[in-house]
There are 2 protein chains.
Amino acid sequence: MAEGTRPTPKTGRSLLYLTDEQLRRGIEAMFFAYRGFTADPDRILEEHGYGRAHHRTLHFIHRAPGTTVNNLLSILGVTKQSLNRVLRTLITDGLVESRVGTQDKRERHLYLTETGSELERQLSDAQRERMRAAYRAAGPEAVAGFRQVLEAMMDPDIRRHFNRLSDGGA
Amino acid sequence: MAEGTRPTPKTGRSLLYLTDEQLRRGIEAMFFAYRGFTADPDRILEEHGYGRAHHRTLHFIHRAPGTTVNNLLSILGVTKQSLNRVLRTLITDGLVESRVGTQDKRERHLYLTETGSELERQLSDAQRERMRAAYRAAGPEAVAGFRQVLEAMMDPDIRRHFNRLSDGGA
DNA sequence: AATCTTATGTCAGCGTTGTTGACTTTCCAA
DNA sequence: TTGGAAAGTCAACAACGCTGACATAAGATT
């Protein structure tokens with residue numbers, strides 16, 4: 001893992017796409033693309049005095065209405081204190097509603113209000129538009145490859161989450 | 001841009017990959033994959049008391065030794081105050097060397113020291129390993145698509161940066 | 001020579017968002 | 001009834017963005 005520069009691979013089949021140089025390009029592409037990916041929502045969030053954490057929270061509550069705080073925690077991968085701060089402002093501002101669980105009254109089930117749905121839609125419209133343009137420019141086969149590489153890059157636990165979410169929403 | 005749910009496209013050719021649902025999956029994939037993408041370097045950085053900003057700085061100085069502060073600023077897209085804070089700690093800790101320009105003495109040219117190169121290598125080895133595994137799992141064609149979509153997702157200015165960097169390092 | 005501009009560095013202060021630690025309340029379940 | 005899980009809160013801190021203000025050096029222009 002630290003043997004320095006890797007020359008042209010010795011394998012028969014072309015493994016050019018696995019050279020350090022190609023990998024470095026992929027890394028930089030990921031870095032720059034993520035900036036574009038978040039740029040549009042960031043602008044909208046700024047107008048409302050919110051940050052990316054608020055966006056993520058709205059997104060996943062929209063995705064799974066009625067989800068519990070604990071569930072949200074494991075998806076977002078942050079501490080409850082961190083999530084709670086964001087969640088509190090969203091509840092105070094009337095974008096998210098927290099309902100005590102009927103079966104387990106310790107749990108809080110989270111829902112977007114009208115206002116919350118409105119902002120979520122604004123944010124996801126902007127982000128989807130960027131994604132749509134990229135998808136259209138690259139074409140369906142590129143998109144399939146894009147998805148495959150991204151999925152392979154996730155941590156296994158997260159990949160399970162991801163696939164569970166994808167199945168649920170299909 | 002706010003017309004609600006988008007049903008099956010009416011076009012003859014399959015544009016299934018452009019449905020809101022597919023786009024949402026792409027968005028979530030991007031989010032989760034970026035977490036994986038940064039996870040390994042983050043662990044290493046933590047041991048040294050550094051953060052992602054330090055990683056990015058080391059990366060781009062490694063990429064373009066002798067680069068100026070201003071150039072770095074435009075690549076990283078942060079303010080000089082923000083970069084300066086990071087750069088100062090790296091210089092103080094002996095990972096980066098700052099040399100006054102020979103032609104234009106206002107400029108500072110930045111270089112990695114031995115120690116700086118060592119950490120940079122550690123970080124990029126870890127990140128490349130993750131990227132390599134993902135590339136290998138997905139295959140060359142998927143990788144090509146991955147790169148195409150990422151590039152299309154960047155802001156145009158950034159894309160120019162990216163292509164300039166890629167050309168220089170080829 | 002005087003002035004404008006550019007490149008850089010620095011200080012102070014602030015905001016978002018992550019962290020740990022400690023503590024409380026509620027309430028299911030053994 | 002007691003243990004522990006779920007949720008919430010308070011305090012403190014760190015990383016890393018930001019703005020504004022100011023200083024210095026030096027190239028560029030008038």
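Below, read A as the first sequence line, B as the second, and so on, with proteins coming before strands; counting in each chain starts at 1. All values below were derived from every heavy atom in this structure, side-chain atoms included, with hydrogens, water molecules and symmetry-related copies excluded.
Relative to the side chain of B:Val69, the nucleotides D:dC18, C:dT8, C:dT17 differ in distance, and C:dT8 lies closest. Checking C:dT20, C:dG18, D:dA7 against the side-chain heavy atoms of A:Asn70 singles out D:dA7 as nearest. Proximity note for A:Asn84 (side chain, C-beta onward) versus D:dT9, D:dA7, C:dG18: the nearest is D:dT9.
Rounded to a whole Å, the CZ atom of B:Phe31 is 12 Å from the P atom of C:dT17. Between the P atom of C:dA29 and the NZ atom of A:Lys105 lies a distance of 12 Å, rounded to the nearest Å. Following rounding to the nearest Å, A:Glu47 (CD) and C:dG15 (C1') show an atom-to-atom distance of 18 Å. We find that CG of B:Leu45 is positioned 18 Å from P of D:dA14, with the value rounded to whole Å. B:Tyr50 places its OH atom 24 Å from the P atom of C:dG18, with the value rounded to the nearest Å. Spacing between atom NE2 of B:His109 and atom P of D:dA26 amounts to 13 Å, rounded to whole angstrom units. Summarising the geometry, the separation between CG on A:Leu83 and C1' on C:dT19 is reported as 14 Å, rounded to the nearest angstrom. Counting to the nearest Å, the C1' atom of C:dG9 and the CG atom of B:Leu73 are 11 Å from each other.
Surrounding NE2 of B:His59 are more than 12 heavy atoms belonging to other residues, nucleotides or ligands, all under 6.0 Å away.
Contact annotation: B:Thr79 side-chain N/O to D:dC18 OP1/OP2 distance is under 4.0 Å. Using a 4.0 Å cut-off, no side-chain N or O of A:Arg108 falls inside it from OP1 or OP2 of C:dC27. The side chain of B:Arg56 contributes an N or O atom lying less than 4.0 Å from OP1 or OP2 of D:dG17.
In terms of hydrophobic clustering, with Ile, Leu, Val, Met, Phe, Trp and Tyr side chains grouped at heavy-atom distances under 4.5 Å, A:Tyr111 and A:Leu119 are assigned to different clusters.
Geometric assessment of A:Arg159 against the ring of B:Phe32 yields a negative cation-pi assignment under the 6.0 Å and 45° thresholds.
Residues A:Thr67 and A:Phe60 are not in side-chain contact: their nearest non-hydrogen atoms beyond the backbone lie 4.5 Å or more apart.
Contacts of B:Gly101 with the nucleic acid, taken as non-hydrogen atoms under 4.0 Å apart, are absent. Across all strands shown, A:Arg52 has heavy atoms under 4.0 Å from sugar-phosphate atoms exclusively, and none from any base. As judged by a 4.0 angstrom heavy-atom cut-off over every strand, B:Gln103 is placed among residues touching the sugar-phosphate backbone only. As judged by a 4.0 angstrom heavy-atom cut-off over every strand, A:Arg88 is placed among residues touching the sugar-phosphate backbone only.
The heavy-atom pair separating A:Ile91 from A:Ser98 by the smallest distance is CD1-CB, 3.8 Å.
If you check distances only, the side chain of A:Arg106 does reach the base of D:dA5 with a donor-acceptor pair under 3.5 Å. Side-chain atoms of B:Lys80 come within donor-acceptor range of the base of C:dT8, with a qualifying N/O pair under 3.5 Å. For D:dG17, its base sits under 3.5 Å from the side chain of B:Arg85 at one donor and acceptor pair at least.
Residue whose closest nucleotide on DNA chain C sits further toward the 5' end, between A:Asp104 and A:Ala53: A:Ala53. Between B:Val86 and B:Gln81, the one whose closest nucleotide on DNA chain D sits nearer the 5' end is B:Val86. Between A:Val78 and B:Ile91, the residue anchored closer to the 5' end of DNA chain C is B:Ile91, taking for each the nucleotide with the nearest heavy atom.
Side-chain N or O atoms of B:Arg99 include none that pairs as donor or acceptor with a backbone N or O of B:Leu110 at under 3.5 Å.
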